Amino acid sequence: MEPGRRRPVALTPPFSAVLVANRGEIAVRVIRACRELGIRSVAVYSDADRDALHVRLADEAYPIGPAAPRESYLAMSKLIDVARRAKCDAVHPGYGFLSENADFADSVRDAGLVFVGPPGDVQRSLGEKTQARRMARDVGVPVAEGTAEPVRDLDHARREAERIGYPVMLKAAGGGGGKGLRAVASASELEAAWRMSSGEAAGAFGNTAMFIEKLIEHARHVEMQFIADTQGAVVWLGERDCSIQRRHQKLIEESPAPSVDDALRERLGDAAVRIARAAGYQNAGTAEFLVDARGAFSFLEVNTRLQVEHPVTELVTGLDLVALQLRIAAGEPLPFAQGDVRRRGAAIECRVTAEDAQSGFVPATGRVALLREPGGPGVRVDSGLFEGLMITSDYDPLLMKVIAHGADRTEALARIRRAVQETIVAGLPTSLAFHAHVLGEPDFVAGRYDTSYVATHWPPRATVALDESAVAAAAVVAVLALRTRSARRPVAPPDGAWSRAGREDGLR
Amino acid sequence: MEPGRRRPVALTPPFSAVLVANRGEIAVRVIRACRELGIRSVAVYSDADRDALHVRLADEAYPIGPAAPRESYLAMSKLIDVARRAKCDAVHPGYGFLSENADFADSVRDAGLVFVGPPGDVQRSLGEKTQARRMARDVGVPVAEGTAEPVRDLDHARREAERIGYPVMLKAAGGGGGKGLRAVASASELEAAWRMSSGEAAGAFGNTAMFIEKLIEHARHVEMQFIADTQGAVVWLGERDCSIQRRHQKLIEESPAPSVDDALRERLGDAAVRIARAAGYQNAGTAEFLVDARGAFSFLEVNTRLQVEHPVTELVTGLDLVALQLRIAAGEPLPFAQGDVRRRGAAIECRVTAEDAQSGFVPATGRVALLREPGGPGVRVDSGLFEGLMITSDYDPLLMKVIAHGADRTEALARIRRAVQETIVAGLPTSLAFHAHVLGEPDFVAGRYDTSYVATHWPPRATVALDESAVAAAAVVAVLALRTRSARRPVAPPDGAWSRAGREDGLR
Amino acid sequence: MIYEVSVGDRRLRVEVVTDGRFLIDDVVVATEMVETRRGRQWSVRIAGRSHEVTVLTSDPLRLLVNGTETTASALDERAAAASTGAGSARGGRHELRAPMPGLLKTVHVAEGDVVESGAPLMTLEAMKMENELLAPVRGRVVRLAVGAGTKVEGGAMLAVLEVEE
Amino acid sequence: MIYEVSVGDRRLRVEVVTDGRFLIDDVVVATEMVETRRGRQWSVRIAGRSHEVTVLTSDPLRLLVNGTETTASALDERAAAASTGAGSARGGRHELRAPMPGLLKTVHVAEGDVVESGAPLMTLEAMKMENELLAPVRGRVVRLAVGAGTKVEGGAMLAVLEVEE
């Protein structure tokens, strides 16, 4: 957006102190926004996170118990107790953990604090999928064929699946984040799928009720970011294609979506705004859609929180979504109207995770022994990493987000590819090899991909071809590394003889 | 600029291989552009730089001799020899070193290679200050009162200074970069100033000829970025205020300039374009102006190269100046017209140098023992740093550029302040304390500053006030550091007893 | 062990007690800390406040405290004494000052009392935490500058002790 | 010392000669390298090519080569022998292959010649540098696959040696 079009930013901080009820890169992200707005940031940490970056960057930090989430980051009473004692006036939940827990939003409000996100009742109405679908249909937004009511037992599920027609998706009626999500190709698979999904749903959301919808094949996962203030203004900011997923976990996101033209973008934005209005939405939210090969879309669900991939939209629009969340939560009106939003260029995000891409993305743990985050033009890094950090299996495997912006998709792609190539996270297996491969893979480069991409493109048939010179360098280091491990003394003199040899070949 | 307005980017790399005739962060910057464009990058390095980042990130790297610049980075024949042997088709000089050496541009051309920058003769005509001033005056661009011809001896200097009227500036007629630059308040100071300046000029440019111009007090240093292709198209991209300088070395730059409104911006842009056309300019360049308190401007000189502070303009315009330099050098037309250029928001750059801001910016050396580069929204880092890097006194003290972009100056300022606060460079003194101070200093925050700012605002009268809690933390670490140095064993158990105490206070 | 410490233009007397507790200018300060980089960087929590302190340079000692640079020095008292030849800086008189702004909750002594070294003199509530102010030496309370219930600024004089042999 | 090395699905025989020179699959490769992070990262130059190689994980060994991840392994030959119980993998026959694409400048031998171990067999010009291909063992040249002046691909078979006792 051009400064001219933008109403002056209020210079008073929206809050005096905000409790950041999260950890990792998103806690760092929120703390940065607080710092920029002049808000005192209050972090919390479990026993596993005492040395975490979010603890060190925050103004205050309080321990909230053992590593197990239920005893720390999910312990509502501890969080609210800290917020009170640290004299906070608001709580930002980040994503995951309690960010979509309506009861937490309520108890924050009941404690006399502001919850940075939509109110509990809005979360409830949108969190229950059949209700959200009804709401969408009522305002004329297309939804996939599916059950009108939560499905509570296997027989009911059988009847509904027959009516809808296989293949179908099983989803937890009470929650999102891919948990309980399962594709069912035929009647024979239903019973097993039902047991697993409802089991997961029970564990994750304490609610076994499921929801069944028609599975749309070769669809793209396209979501629309919107934001609403407490005065009823709702604005959509642009879409993100999040089709590069495995087990319904996103690995790469981009905006604009290669499959979305201006007309479709308008329609998706309009649909998101209508749903938000119908729900009486407040703060930032995301409406998820499936877009099929012919460009027809159907509404999936609303994520009533900040998304992991929000930086993609920030780079394209030039807006700071977390700052806006905080200002809106404090009751400030949106500082711009729909017509003021200017999208510039394209952005692509890679989620670098502690998962071994080389062996089916099995979760990995270890200590970060060497770290190099990328820099330079168009590159943004949101990270909680530092050398010496121990990565455990206690939490989400997301390590770092590498995001690149360019004047168009070609430039954004060239930059994210370059940035990923510069990135080094040594000490544990990561997903970086996956990202490096996909960013150069012809179908992705051409924008030809849907949610089946990872299944059909990873692992690659051929192993990456290093040229002879690179192979020789690798071989020599393999030998040096072996020697260093056995005899702990320098093998390659930092200078001297060998570099003399080099200079000769350089100068002759 | 919006993608729609932009002509499609040519997808073929402009060159097959480019010699990067520089070091440090700017070498890394050019290598990154090459990587993004699919160009093979060829680095050179002196004995002091074998482990430098630019060597490791380049596709190829060749040693060019001892640390002393004259024997390596300034050794034209060695550079051209490497370019030939590595089968390069172009040479990018970066800034400093040979970037404004017309003879180098010529010998690159004579070697059958493309010089990424304006041709030698253009550099000569603009490099000789009196000639550049005449050229500007001829196309109606105001210049400060000054000598029409180079001044070769002290008597001539006396007469000219009297005619112009003190205070005056002494400048090397043959070069820029602040060398030979000296303010002379009165006739009594002239002789000493003359000896020093002409001495410096002789050393730096092998040319004792000086140039004298009226010293404009309380002026702002405002420069206009422009770019010209080989087909004669010239476009201005926006201004940068570079008034925060010491000894004529820039420390902070920003765009838009607080003192420049749309009308003045147009006039500065128009002036720059007229000079560029008159000079038959090609590639990227910068026209420097002084803007006095009343908004009247006068032309100073043209920098015929990429500027250190080019990222400020890249963030505001969304353009990649180095990529454009390469495409233009290859003969491609500018992919946009003046009307397509869209400026968005504001950007501020801090030049982090190996100079001890606490003691008059004396150059510092040492090994980088701990490094934390900032990240998050709106922050860009251009750096050649890594932990273990030895900073010597052989080269320019610039370590890293921290640049922030925001929707307006308020947001850009909040972000750069936050980013500088996050930045850690341990192991040697740096300029960071200066940046941290200025970014929060009322006059700078209000945009009230000119070239006298550093002299009048640094060092600050009061030492930074740490609150009692921070003082206690510092005191405790001072003790631990002393103990660690004496007895090399952990003083603070990474966990255990002390964190127990912490948990209690956290949970009670 | 007792240290003479300077941070910027502040001078402090720091005694390492135990378990992360330090006696700073005669006030017990409970810190909770981890070394985030061997000998280089510590994360220090004091009553919830989170301070990241990095050793920028060791000689002279320069610290980065939450992004703010400051000079500092530490000298163990005997070394200090040796170097200054002056012994304990304050001689026979000990001024008790508030180590941080806060509320004076309780005063445990009256003027004229003779107290043992380490005896609690007052309780200062600061930064959501109660700090016991202890007698640095055996001595007589010759002056009580403030009473319980008073809000005091950091550095405010609270009491004066005269050393008793 | 000789090592059996694998990089991705390539298997190589690496002998550390001296001064950064290595014998890789019977070809002398001159490297110039610095350790940029103790035991973790090396910058390796081979005939001008700049390779940054980082040890991502040691067990199993995973390397990052100029931003490309690859598995690798190294075993000193005796250990290899012990582990495989097989001795030198190739037995009495040695196939000479081009270690990198390039131009075969000179062939110093003819079929049927018996050459001493270490004797130069051919000169391969690759990456702006001449590489001497040496005989890995004493043996008879039973086959010359290519002649001087030929351009060869990396991995192309050049000659076969039969071990002579």
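Nothing here was measured: the structure is a model prediction, and the numbers come from that model. Per chain, numbering begins at 1; letters A, B, ... match sequence-line order.
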Where A:Ala473 and D:Val53 come nearest, the two heavy atoms and their spacing: CB-CG2, 4.1 Å
Candidate pair D:Leu75 and A:Leu482, rule side chain to side chain contact (heavy atoms under 4.5 Å, CB included), full reasoning: CA-CA 8 Å; D:Leu75 208 56; A:Leu482 176 68; 5.8 Å; no
Best-contacting candidate, A:Thr430, A:Val420, A:Leu370, against chain D by heavy atom pairs under 4.5 angstrom: A:Leu370
Spatial distance of atom OG1 (D:Thr68) from atom CG (A:Leu466) [nearest 0.5 Å]: 6.0 Å
OH on D:Tyr3 to CG on A:Leu480, rounded to 0.5 Å: 8.5 Å
Residue pairs fulfilling salt bridge (charged side-chain N to carboxylate O under 4.0 Å, His left out) with at least one residue in residues 424-446 of chain A, sequence neighbours excluded: A:Asp443-A:Arg448
Shortest non-hydrogen contact from D:Val55 toward A:Ala426: O-CB, 3.7 Å
Approximate separation, where rounding is to 0.5 Å, of A:Ile424 CD1 and D:Leu56 CG: 8.0 Å
Side-chain donor/acceptor of D:Glu69 to backbone N/O of A:Leu432, under 3.5 Å: no
Cationic N near anionic O, under 4.0 Å, A:Glu387 to D:Arg37: yes
Under 4.5 Å from a heavy atom of chain D, the part of A:Arg372 involved: side chain
Minimum heavy-atom distance A:Gly427-D:Thr57, with the two atoms named: C-CG2, 4.3 Å
Member of D:Thr70, D:Val65, D:Val7 meeting the side-chain contact (heavy atoms from CB on, under 4.5 Å) criterion with A:Val471: D:Val7
Gap between atom CD of A:Gln421 and atom CG of D:Leu64 - 0.5 Å precision: 9.0 Å
N-O pairing of D:Arg49 and A:Glu468 below 4.0 Å: no
Side chain to side chain, A:Gln358 and D:Thr71, heavy atoms closer than 4.5 Å: no
Nearest heavy-atom neighbours spanning D:Arg62 and A:Pro429: NH1-CB, 4.0 Å
Residue that, paired with A:Val477, satisfies side-chain contact (heavy atoms from CB on, under 4.5 Å) out of D:Val44, D:Leu61, D:Thr54: D:Val44
Among the listed options A:Ala357, A:Ala369, A:Gly366, the residue most often paired with chain D at heavy-atom distances under 4.5 Å: A:Ala369
Contact summary for A:Ala478 and D:Val5, nearest pair of heavy atoms: CB-CG1, 4.1 Å
Lys/Arg-Asp/Glu bridge criterion (N-O < 4.0 Å) met for A:Arg483, D:Asp76: no
Toward chain D, the part of A:Val425 with a non-hydrogen atom under 4.5 Å: backbone
